[in-house]
Amino acid sequence: MTTNTLPRIAIIGAGPGGLTLARLLQMHTIPTTVFEKENHPNERPQGGTLDLHTGSGLLAVHLAGLDAQFAPIARYEDQGMHVLSKEGQVLYTSEQENEVEVLGDHPEVDQAELRAMVRGERPEVDRAELRAMLLDSLAPGVVRWGHPLRSVRQAHDGSHELVFEHGQTEHFDLVVGADGAWSRVRPLLSNATPTYAGVTFIEFGLDDVDQLHPTLARLVGHGSMGVLPENNKRLVAQRNAHAHIRVYAAMRIPEKWETTNGFDASNPQKARAWLLNYFSDWDQSLLALIQESNDLFAVRPLYSLPIGHRWQFHAGATLLGDAAHLTPPSGEGVNLAMLDAVDLATAIGECSTLEEAVRRYEATMFARAAIAGRVAEEGMERFLPLVH
């Protein structure tokens, strides 16, 4: 900022986007406070592996001065890709670079994504380790845990009052909603709410795969394995750090289908039997991913905001990441959130007022998010084409 008075900035949500913004503002010597509803960093699992891209996630890491800290947790060796048929036939492996076009007749496969993996441009990193790195880069006290936001409203002096579930209130000059799909900040700016994307993932996994499940470790390889979709379903597996494989059973099914179809994620034996029946015509080598899984199952319906979602400028508040432009998984979500943080922090550092900074940031973010939304929607159609 080029003014003499430093602004009071609040970031809601301690995910990668919000923490990247806090780190970058800290480097600009602009104080900020991150409010997170979780009580501590390990309150819940943080999700699977992410691939960071050169012009977004990796750029944010570099600008945040964290290249040295990122190197030990970046898994460049886990960028491989195996594509199989439901009969268990290997159709493509990125270990054979000259076969990158082998799936050219299959619209479900993104050739650009395969080439990027082959070139080693997108290192994998576990979400929990990325978050821990960003947390460690912040000064003590920047993140305030156990602060679920109830609401945010504009005060008479133009500031914004945050009201937390335990009754505490605080005032800030700028509130940034980095609090994901069900953002508590977004209603201040927009009436848009996420809608079901028509696809649900059932997530499960296998532990210590190299020792306990060597055949499946080889099947998935060092990276990801995807089975081509058939009849509105497919299996995808990805290697995470610490010899863990995370598996997703992706299905085009109605929202909240489990209430009428007998699936119970809290009953591992029942969940496993349901999945084995649902994929019963698939090869045994693939069904082993289900049979040998651990006892943790989770149902994850996918939601999205309207493509091109935007709002009228509102002084003192803005959004980044999924809170602003939630899309189905496309490999871009965390990268876009971190790039949003770069653009917003840069604008705040360079502009003379917060209003000018937010206007500049939102103009860039809206345009980029609209393009990414269309790409994500098209990608989901390739990933799991609807079969009537």
Side-chain angles (χ1 to χ4, degrees), residues 44-49 81-91 106 108-109 126-127 196-221 223-240 242-303 328-329 379-388:
R44 65 176 180 87
Q46 293 301 304
T49 190
M81 180 65 157
H82 295 173
V83 179
L84 285 74
S85 69
K86 75 166 193 171
E87 292 78 24
Q89 179 186 2
V90 177
L91 302 175
H106 293 272
E108 303 89 350
V109 178
D126 274 25
R127 183 180 289 269
Y196 180 54
V199 175
T200 291
F201 286 2
I202 297 177
E203 178 186 327
F204 50 99
L206 303 96
D207 303 312
D208 196 11
V209 294
D210 297 311
Q211 295 297 319
L212 301 181
H213 312 279
T215 301
L216 292 177
R218 289 190 295 271
L219 180 74
V220 175
S224 298
M225 181 218 72
V227 183
L228 288 182
E230 183 165 318
N231 294 329
N232 296 317
K233 58 189 174 184
R234 72 179 300 179
L235 287 173
V236 176
Q238 55 178 206
R239 181 176 280 262
N240 289 198
H242 313 297
H244 180 76
I245 287 178
R246 192 175 300 263
V247 188
Y248 299 96
M251 304 172 290
R252 283 197 177 271
I253 47 181
E255 188 177 12
K256 300 179 180 177
W257 59 276
E258 68 271 23
T259 59
T260 56
N261 284 272
F263 184 85
D264 184 359
S266 66
N267 185 326
Q269 184 176 359
K270 191 174 181 180
R272 199 175 285 113
W274 191 97
L275 285 168
L276 288 171
N277 180 65
Y278 195 76
F279 287 90
S280 59
D281 59 336
W282 289 41
D283 190 76
Q284 182 59 40
S285 64
L286 303 173
L287 295 182
L289 289 165
I290 303 170
Q291 290 170 325
E292 300 180 30
S293 64
N294 60 32
D295 286 344
L296 298 177
F297 290 82
V299 178
R300 306 203 182 282
L302 305 185
Y303 293 88
M380 182 53 66
E381 290 300 321
R382 290 195 302 271
F383 175 81
L384 194 57
L386 176 62
V387 178
H388 294 284

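Atom set for the values below is all heavy atoms of this structure, side chains included, hydrogens, waters and symmetry mates excluded.
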Heavy-atom side-chain contact between M380 and P329 under 4.5 Å: yes
Taking all atoms of both residues into account, what is the closest heavy-atom pair of A265 and A271, and its distance? CA-CB, 4.5 Å
How are the rings of F297 and F263 set relative to one another: parallel (under 30°), tilted (30 to 60°) or perpendicular (over 60°)? perpendicular
Between atom CG of L206 and atom CG of L212, what is the distance when rounded to the nearest 0.5 Å? 9.5 Å
Spatial distance of atom CG (L287) from atom CZ (F279) [nearest 0.5 Å]: 9.0 Å
Relative to Y248, does R300 satisfy both conditions: NZ or CZ under 6.0 angstrom from the six-membered ring centre, and within 45 degrees of the ring's axis? no
By side chain to side chain contact (heavy atoms under 4.5 Å, CB included) - contacts of T200 (at least two apart): Y196, I253, W257, V299, P301
Show your working on salt bridge (charged side-chain N to carboxylate O under 4.0 Å, His left out) between D126 and R246 and close with a plain yes or no. CA-CA 11 Å; D126 274 25; R246 192 175 300 263; 5.9 Å; no
Is the shortest heavy-atom distance from the side chain of M225 to the side chain of L289 under 4.5 Å? yes
Looking at CD of E292 and CG of D207, how far apart are the two atoms once the value is rounded to the nearest 0.5 Å? 12.0 Å
Does the plane of the ring in Y278 sit parallel, tilted or perpendicular to the ring in W274? Use 30° and 60° as the thresholds. parallel
Which atom names give the shortest non-hydrogen contact between S266 and D264, and what distance separates them? OG-OD1, 2.5 Å
The criterion is side-chain hydrogen bond (donor to acceptor under 3.5 Å, both in side chains); which residues satisfy it with D283, sequence neighbours excluded? S285
Donor-acceptor pair, R272 side chain versus S293 backbone, under 3.5 Å? yes
Minimum heavy-atom separation for Q238 to S224, with atom names? CB-OG, 3.8 Å
Measuring from L84:CG to L91:CG, what's the distance to the nearest 0.5 Å? 6.5 Å
Using the side chain to side chain contact (heavy atoms under 4.5 Å, CB included) rule, pick out the option among N232, V199, I202 that qualifies with M251. I202
Go through the steps to decide whether D210 and R239 satisfy the test side chain to side chain contact (heavy atoms under 4.5 Å, CB included), and finish with yes or no. CA-CA 11 Å; D210 297 311; R239 181 176 280 262; 3.0 Å; yes
Please report the interatomic distance CG(L275) to CG(L235), rounded to the nearest 0.5 Å. 8.5 Å
Between R252 (side chain) and L384 (backbone), is there a donor-acceptor pair under 3.5 Å? yes
Counting neighbours of CD on Q284 that are heavy atoms of other residues, nucleotides or ligands and sit closer than 6.0 Å, is the number greater than 12? yes
For E255, which residues count as a salt bridge (charged side-chain N to carboxylate O under 4.0 Å, His left out) partner, sequence neighbours excluded? none
Check whether any side-chain heavy atom of L216 sits under 4.5 Å from a side-chain heavy atom of Q291, and report yes or no. no
Contact check, side chains of E230 and L228, non-hydrogen atoms, under 4.5 Å: no
Interatomic distance, NE2@H213 vs CG@N294, rounded to 0.5 Å, equals 8.0 Å
Before giving the answer on side chain to side chain contact (heavy atoms under 4.5 Å, CB included), spell out for Q269 and N267 the whole-Å C-alpha distance, their side-chain angles and the decisive distance to 0.1 Å. CA-CA 6 Å; Q269 184 176 359; N267 185 326; 3.8 Å; yes
